[in-house]
Each structure stands twice: as structure tokens, then as C-alpha cells.
Amino acid sequence: DVQLVESGGGSVQAGGSLKLSCAASGYTYGGNCMGWFRQPLGKEREGVGYIDTVSLRTSYADSAKGRFTISRDNAKSTMYLQINDLKPEDTAMYYCAARAASCALTWARADLYNYWGQGTQVTVSS
């Protein structure tokens with residue numbers, strides 16, 4: 001079975017940084033799309049960005065451009081999300097997700113991902 005496990009969340013003050021990790025097991029990276037999503041309490045889940053594991057292309061939601069960076073380490077089967085200059089509005093549960101299909105234009109559609117982690121909470125205080 002494919003398992004995704006997030007870690008690295010926590011409580012930080014505005015302006016701080018966090019690096020979230022998504023460790024994958026039972027998963028073949030080739031030809032796949034991996035994404036980060038977040039869900040504030042009481043709100044819908046939204047796409048933060050993705051990395052195409054073939055082309056290594058990354059792309060981000062407008063709300064994430066400039067402060068969020070997605071990367072991966074194939075040797076560790078781990079994807080990362082670096083968040084800088086954290087803001088209170090970044091407070092949310094952060095999830096990683098993976099799917100066999102390419103990212104293409106549908107990367108932000110949560111319903112098209114096959115595998116999800118359990119999430120890691122990020123709380124930013126002002």
C-alpha cells in the first residue's frame with residue numbers, strides 16, 4: 001500500500017519559517033504528480049502547489065507564490081514544502097497527496113488524487 005506521512009508542522013509566530021515533509025512509501029515516483037494542499041478550519045481544502053516527478057516542474061497557487069517552495073529528495077522518497085514569512089492566514093492543516101496521472105492543468109483538484117497523508121497542523125500567531 002502507498003503511504004504518505006507528513007511532518008514538520010507546528011506553532012510559529014508571524015514572519016517565521018517552517019519546512020514540512022511528506023515521506024512516501026510503497027510509491028513509485030516515476031510519471032507521477034505530488035501536491036501540497038491546505039485546509040483552514042471550517043474551510044475547503046485548497047491546492048498550494050505541486051511537483052511533477054518526471055519534469056521536476058513546480059507550480060503554485062497565486063496565494064503561495066513567492067513564499068512557498070516545493071522540492072523533493074528521491075533518495076529519501078520525501079517531498080518538502082518550505083514556507084517562509086509565515087502569516088496568520090497560513091494557519092491550516094497541510095496535506096500532501098499523490099496520483100499516478102501527470103499534474104497537467106488539474107493539479108489543484110483534490111478529488112483527482114489517489115493517495116493522501118494524514119496532515120500536519122501549521123498555526124501562525126500574530
Side-chain angles (χ1 to χ4, degrees):
D1 290 343
V2 174
Q3 286 192 330
L4 303 175
V5 179
E6 301 97 333
S7 62
S11 296
V12 298
Q13 290 190 330
S17 299
L18 282 175
K19 188 172 186 178
L20 309 184
S21 299
C22 172
S25 61
Y27 183 79
T28 301
Y29 265 47
N32 296 309
C33 176
M34 297 191 73
W36 282 100
F37 290 77
R38 66 183 182 181
Q39 187 167 18
L41 188 63
K43 296 185 179 181
E44 293 186 356
R45 192 169 298 189
E46 64 175 357
V48 172
Y50 75 84
I51 184 164
D52 185 300
T53 60
V54 176
S55 67
L56 302 182
R57 181 176 185 267
T58 58
S59 187
Y60 304 89
D62 287 343
S63 60
K65 290 179 180 177
R67 298 188 297 116
F68 291 67
T69 304
I70 295 173
S71 61
R72 70 182 183 130
D73 183 335
N74 276 351
K76 296 182 179 180
S77 298
T78 300
M79 178 178 66
Y80 302 98
L81 178 66
Q82 176 73 43
I83 315 174
N84 297 325
D85 190 23
L86 279 156
K87 304 178 184 301
E89 52 264 40
D90 295 322
T91 295
M93 186 71 80
Y94 284 71
Y95 299 90
C96 65
R99 70 189 197 192
S102 64
C103 295
L105 299 176
T106 61
W107 73 268
R109 283 189 53 183
D111 61 313
L112 296 183
Y113 285 80
N114 306 105
Y115 308 104
W116 290 86
Q118 83 290 349
T120 186
Q121 178 68 37
V122 172
T123 302
V124 185
S125 58
S126 57

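Model, not experiment: these values are computed from the prediction.
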*When hydrophobic residues are tied together by side-chain contacts of less than 4.5 Å, even through go-betweens, does Val12 share a cluster with Leu20?*
yes

*Looking at Tyr94, is Arg38 sitting on its ring face, NZ or CZ under 6.0 Å from the six-membered ring centre and within 45 degrees of the normal?*
no

*Are any of the side-chain heavy atoms of Val124 and Lys87 separated by less than 4.5 Å?*
no

*How long is the span from the CG atom in Leu18 to the CD atom in Gln82, to the nearest 0.5 Å?*
8.0 Å

_Atom pair CZ/CG of Arg45 and Asp111 - distance to nearest 0.5 Å_ = 11.5 Å

*So how far is it from Lys43 NZ to Met93 CE, rounded to the nearest 0.5 Å?*
15.5 Å

*asked:* Which residues pass the salt bridge (Lys or Arg N to Asp or Glu O under 4.0 Å) test with Lys65, not counting sequence neighbours?
replied: Asp62

_To the nearest 0.5 Å, what is the distance between OG1 on Thr91 and CD on Gln121?_
7.0 Å

*Is a donor on one side and an acceptor on the other found under 3.5 Å between the side chain of Arg72 and the backbone of Ile51?*
no

*What pair of heavy atoms forms the shortest contact from Pro40 to Ala92, and how long is it?*
N-CB, 3.6 Å

_Side chain to side chain, Leu86 and Gln13, heavy atoms closer than 4.5 Å_ = no

*Applying the ring-ring contact (aromatic ring centres under 6.0 Å, His included) test to Tyr113, which of Tyr50, Phe37, Trp36 qualifies?*
Phe37

*Quick one: are Asp52 and Trp107 in side-chain contact, heavy atoms under 4.5 Å?*
no

*Does the side chain of Leu81 reach to within under 4.5 Å of the side chain of Glu6, using non-hydrogen atoms?*
no

*Say whether Val122 and Tyr60 are linked into one hydrophobic cluster, either directly or through other cluster members, by side-chain heavy-atom distances under 4.5 angstrom.*
yes

*Beyond-backbone contact of Thr120 with Ser7, side-chain heavy atoms, under 4.5 angstrom*: no

_Is the shortest side-chain heavy-atom distance between Phe68 and Thr58 below 4.5 Å?_
no

*Compare every heavy atom of Ala98 with every heavy atom of Met34, then report the nearest pair and how far apart it is.*
CG-CB, 4.1 Å

_Atom pair OG (Ser102) and CZ (Arg57), whose distance is rounded to the nearest 0.5 Å_ = 11.0 Å

*Going from CZ on Arg99 to CG on Asn32, what distance comes out if it is rounded to the nearest 0.5 angstrom?*
10.0 Å

*Assess whether atom CG of Leu56 is packed by more than 12 heavy atoms of other residues, nucleotides or ligands within 6.0 Å.*
yes

*Indicate the atoms forming the closest heavy-atom contact of Ala61 with Gly47, along with that distance.*
CB-O, 3.3 Å

